[in-house]
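What follows is a short report on a single structure.
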Amino acid sequence: MSLRNYLFSITEPAVLSTSLLEDENIQFDIPQQNSFGDFSTNIALLLAKKAKTNPRQLAQKIVDAIKYDEQIISKIEIAGPGFINFFYSSGFIANSILSILEAKSNFGKSDKYSGKKANVEFVSANPTGPLTVGHGRNSVFGDTVSSLLEWVGYSVDREYYFNNAGRQMRVLGDSVRIRYLQLLGSDIEFPADYYQGEYITDIAKSLVEEHGDKLKEENAEGLFKDKAENVIFSDIKETLGRLGIRHKHFYNENTLYEEGKIKSVLNIFSEKGMSYEKEGATWLKLAELGNDQDKVIVKSTGEPTYRLPDIAYHITKFERGYDLIIDIFGSDHKDTYPDVLAALKSLGYNTEAIKVLLHQFVTVIKDGEVVKMSTRKANYVTLDELVDEVGVDVTRYFFNMRSVSSHMNFDLDLAKKQSDDNPVFYLQYAHARICSIIRNAKEAGLESSTDSLITLSTSEEQSLIKKLLLFPDIVLFAANSFETHKITGYLQELAECFHRFYTVCRIIGSEQKLAESRLSLALATQIVLQNGLTLLGLSAPERM
RNA sequence: GCCCCGGUAGCUCAGUGGAUAGAGCGUCGGUUUCCUAAACCGUAGGUCGGAGGUUCAAGUCCUCUCCGGGGUACCA
């Protein structure tokens, strides 16, 4: 039982006994100041009005009714306007690290959602060019959210949705074709709105090498497009692979056409009277569903707009039996998904199961200037270049350390310059330090023991243990809110607690029982650091 | 016009309606006969964009407003 759960178990009956608890949830916060205890609740402040009494009197009444184990809780105080502050006994805290040492790599995991299936769709960039730093945020965040969900029991399928047909891809194929002709000496002009990137020329070069001038009469959509798609897609997968990201499914939009799912959705809309024809196009009655206005789902050219396959695609996710469906988009998709959700809802699907997580844009700053990202204009910094410069760990850490709702500034020069002094190294260093202690202890013949954990009583030791015990709560909280930056923030605080402990509390050379206990504490810290780093997809180095 | 996100220390950003608003980097100063100084300790730095309101309590919730970003297609 976590520390928080124990408090709930003793406090709820006490509050109930005052006959005041109805729908109020008892919250336990960790106060900023140690003098306010290990945990604090404001329940008396919230219920005072209902109880027609003042908060402090009510708090006293509740405290009097709390039955607790004095081995666990050392004291309960009322403070300020009516807070109830709980102090755990230091012996109980110290012995709690047993749970960490026993759980090992499972510490922090829970089975809260076991048996549930989740689908997390992310990256989903069409194969028109290399992944950029902008895609990096989506990729890393999506992968980490997936891991978080796995840690709380979900079975997670990572999915990549792509489209290798349509106008974009025609332009891509034609871009390669024109570069190919230019390489063969043609003075044909390269249109300004075609893909300007150098990778296009590279692909054209390899075609020249493979086929000579035999492709002069080929059209854009055949070999040129296919070659471009294959090369680009394998680059994308390689980049993701470097970051440790592997999708289980690559879902091709084309499948929806081949399997008749587009037609079938169209038929349903038509049968239900949800669509109509106007000016040669097919419109969906979104206004009736509470959205701003009706939107086109099939253009007058006969081509569907993106909404139609998106709807059909999400239907397949429901059909595939997912309990939780997560879509990770950049903020530029803000106005597209409400249409899809409204349509799905009207078809009887439970759209509560769909969570659309929008992340704000990454502003890349290079040489002191903002880089305006555009694949078409070849004005971008690729994700590969970023990984080359700062490494996998820094890249993953950086994209996970900010709330996704915040616009992120990514100063490349700074990231490079600070790579020796980066926050990720701070916590990796804590891990390496522990590994070093373990090596030295072995040499000195010191073995860890949990027989006298009660000797861990200094404020540095106690703070560290309390921080360690918090990990499962943080994981669950982060998973429920899909916030990976809660994990990076927590690990940062944990490393800080450890470094302080390390500075003040010597292990090897201390009195035997104390040394054994402190070594146990170091081992427990190593477990939590390693688990946290693993969850984020970062390495836990043994030496630095 | 309308919709979404942001505005908190010099910079980048945390901050469950709670007690004296925090961290990292940068400033300035200190710590090493001792398990890794990629560390630790201290210092300075704030009208939480602005104005109203709700509340015992507002950086946090509501209204209005200013600034920056994104969107508002028969593009995706």
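Sequence lines set the chain letters: A, B, ... in the order given, protein chains first and strands last, and positions in each chain run from 1.
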Quiz item: Taking the inter-plane angle between the rings of A:H247 and A:F122 on a 0 to 90° scale, is it parallel (under 30°), tilted (30 to 60°) or perpendicular (over 60°)?
Solution: tilted

Exercise. Would you indicate what A:R500 reaches in the nucleic acid, counting non-hydrogen atoms under 4.0 angstrom: base, sugar-phosphate, or nothing?
Key: sugar-phosphate

Self-check item: Contact letters for nucleotides 15-24 of chain B, in which S counts primed atoms plus P, OP1 and OP2 and B counts the base, heavy atoms under 4.0 Å
Solution: S--BBB-S--

Quiz item: Within the structure shown, what part of the strands sits under 4.0 Å from A:C505 by heavy-atom distance: base, sugar-phosphate, or nothing?
Solution: base

Self-check item: Rounded distance in Å between the C1' positions of B:rG29 and B:rC66
Solution: 41 Å

Quiz item: Looking only at atom C1', what distance separates B:rA37 and B:rG69, rounded to whole Å?
Solution: 41 Å

Quiz item: If only side-chain N and O atoms of A:R433 are considered, is one of them under 4.0 Å from the OP1 or OP2 phosphate oxygen of B:rA39?
Solution: no

Quiz item: Under 3.5 Å, is there a donor-acceptor pair between the A:R396 and A:T144 side chains?
Solution: yes

Quiz item: What distance do A:D29 atom CG and A:F39 atom CZ have between them, rounded to the nearest 0.5 Å?
Solution: 9.5 Å

Quiz item: Can you list every salt bridge (Lys or Arg N to Asp or Glu O under 4.0 Å) pair that touches residues 282-300 of chain A, not counting sequence neighbours?
Solution: A:K295-A:D339

Quiz prompt | Under 3.5 Å on both distances, the Watson-Crick or G-U partner of B:rC64 | solution = B:rG50

Quiz item: For A:A430, which contact category applies under a 4.0 Å heavy-atom criterion: base, sugar-phosphate, or nothing?
Solution: nothing

Quiz item: Taking OP1 and OP2 of B:rC3, is either one under 4.0 Å from a side-chain nitrogen or oxygen of A:N291?
Solution: no

Exercise. Could you tell me the separation between the CG atom of A:L286 and the P atom of B:rC3, rounded to a whole number of Å?
Key: 19 Å

Output a table of nitrogen or oxygen pairs between the protein and nucleotides 5-7 of chain B separated by less than 3.5 Å.
{"unit_1": "B:rC5", "atom_1": "O4'", "unit_2": "A:Q360", "atom_2": "NE2", "d": "3.4"}
{"unit_1": "B:rC5", "atom_1": "O2'", "unit_2": "A:S405", "atom_2": "O", "d": "2.3"}
{"unit_1": "B:rC5", "atom_1": "O2", "unit_2": "A:H407", "atom_2": "NE2", "d": "2.6"}

Quiz item: Which value, in whole Å, describes the distance between the C1' atoms of nucleotides B:rC5 and B:rC13?
Solution: 15 Å

Self-check item: Opposite nucleotide pairing with B:rC2, Watson-Crick or G-U, both atom distances under 3.5 Å
Solution: B:rG71

Practice problem: For each nucleotide in nucleotides 71-76 of chain B, reading 5' to 3', give B when a protein heavy atom comes within less than 4.0 Å of its base, S when such contact involves only the sugar-phosphate, and - otherwise. | Solution: BS-BSB

Self-check item: Identified pairing partner of B:rC34, criterion: Watson-Crick or G-U wobble below 3.5 Å
Solution: none

Quiz item: Going from CG on A:N126 to CG on A:N164, what distance comes out if it is rounded to the nearest 0.5 angstrom?
Solution: 8.5 Å

Exercise. Taking side chain to side chain donor-acceptor pair (under 3.5 Å) as the test, write out the residues that go with A:Y380, two or more places apart.
Key: none

Practice problem: Could you check how far CD of A:E493 sits from P of B:rC13, rounded to whole Å? | Solution: 19 Å

Exercise. Select one nucleotide: of B:rA38, B:rC40, B:rC13, the one nearest the side-chain heavy atoms of A:M408.
Key: B:rC13

Exercise. Considering only atom C1', compute the distance from B:rA51 to B:rU43 and round it to an integer number of Å.
Key: 36 Å

Quiz item: When rounded to the nearest Å, what value does the distance between P atoms of B:rG50 and B:rA58 take?
Solution: 16 Å

Practice problem: Quote, to the nearest angstrom, the P distance that separates B:rG49 from B:rG59. | Solution: 10 Å

Quiz item: Taking atom CZ of A:F501 and atom CD1 of A:I465, what is their separation to the nearest 0.5 Å?
Solution: 8.5 Å

Practice problem: On the 0 to 90° scale, with breaks at 30° and 60°, tag the A:F162-A:Y160 ring pair as parallel, tilted or perpendicular. | Solution: perpendicular

Quiz prompt | B:rG22 and B:rG45, which share atom name C1', separated by this distance in whole Å | solution = 13 Å

Practice problem: Considering only NZ, NE, NH1 and NH2 on the basic side and carboxylate oxygens on the acidic side, decide whether A:D327 and A:K317 come within less than 4.0 Å. | Solution: yes

Practice problem: With RNA chain B as reference, determine whether A:R439 or A:H499 sits nearer its 5' end, using the nearest nucleotide of each. | Solution: A:R439

Self-check item: Residues that A:E460 engages under side chain to side chain donor-acceptor pair (under 3.5 Å), provided they are two or more places apart
Solution: none

Quiz item: Roughly how many Å is it from OH in A:Y337 to P in B:rC4, rounded to a whole number?
Solution: 10 Å

Practice problem: Look through every strand shown and name the nucleotide pairing with B:rG24 as Watson-Crick or G-U wobble, where both distances are under 3.5 Å. | Solution: B:rC11

Practice problem: May I ask which nucleotide in the shown strands pairs with B:rG45, Watson-Crick or G-U wobble, both distances under 3.5 Å? | Solution: none

Quiz item: If the P atom of B:rC61 is compared with that of B:rC48, how far apart are they to the nearest Å?
Solution: 16 Å

Quiz item: Just how far, in rounded Å, is P of B:rC35 from CZ of A:F501?
Solution: 15 Å

Self-check item: Among B:rU36, B:rA38, B:rC40, the one nearest A:F425 by side-chain distance
Solution: B:rA38

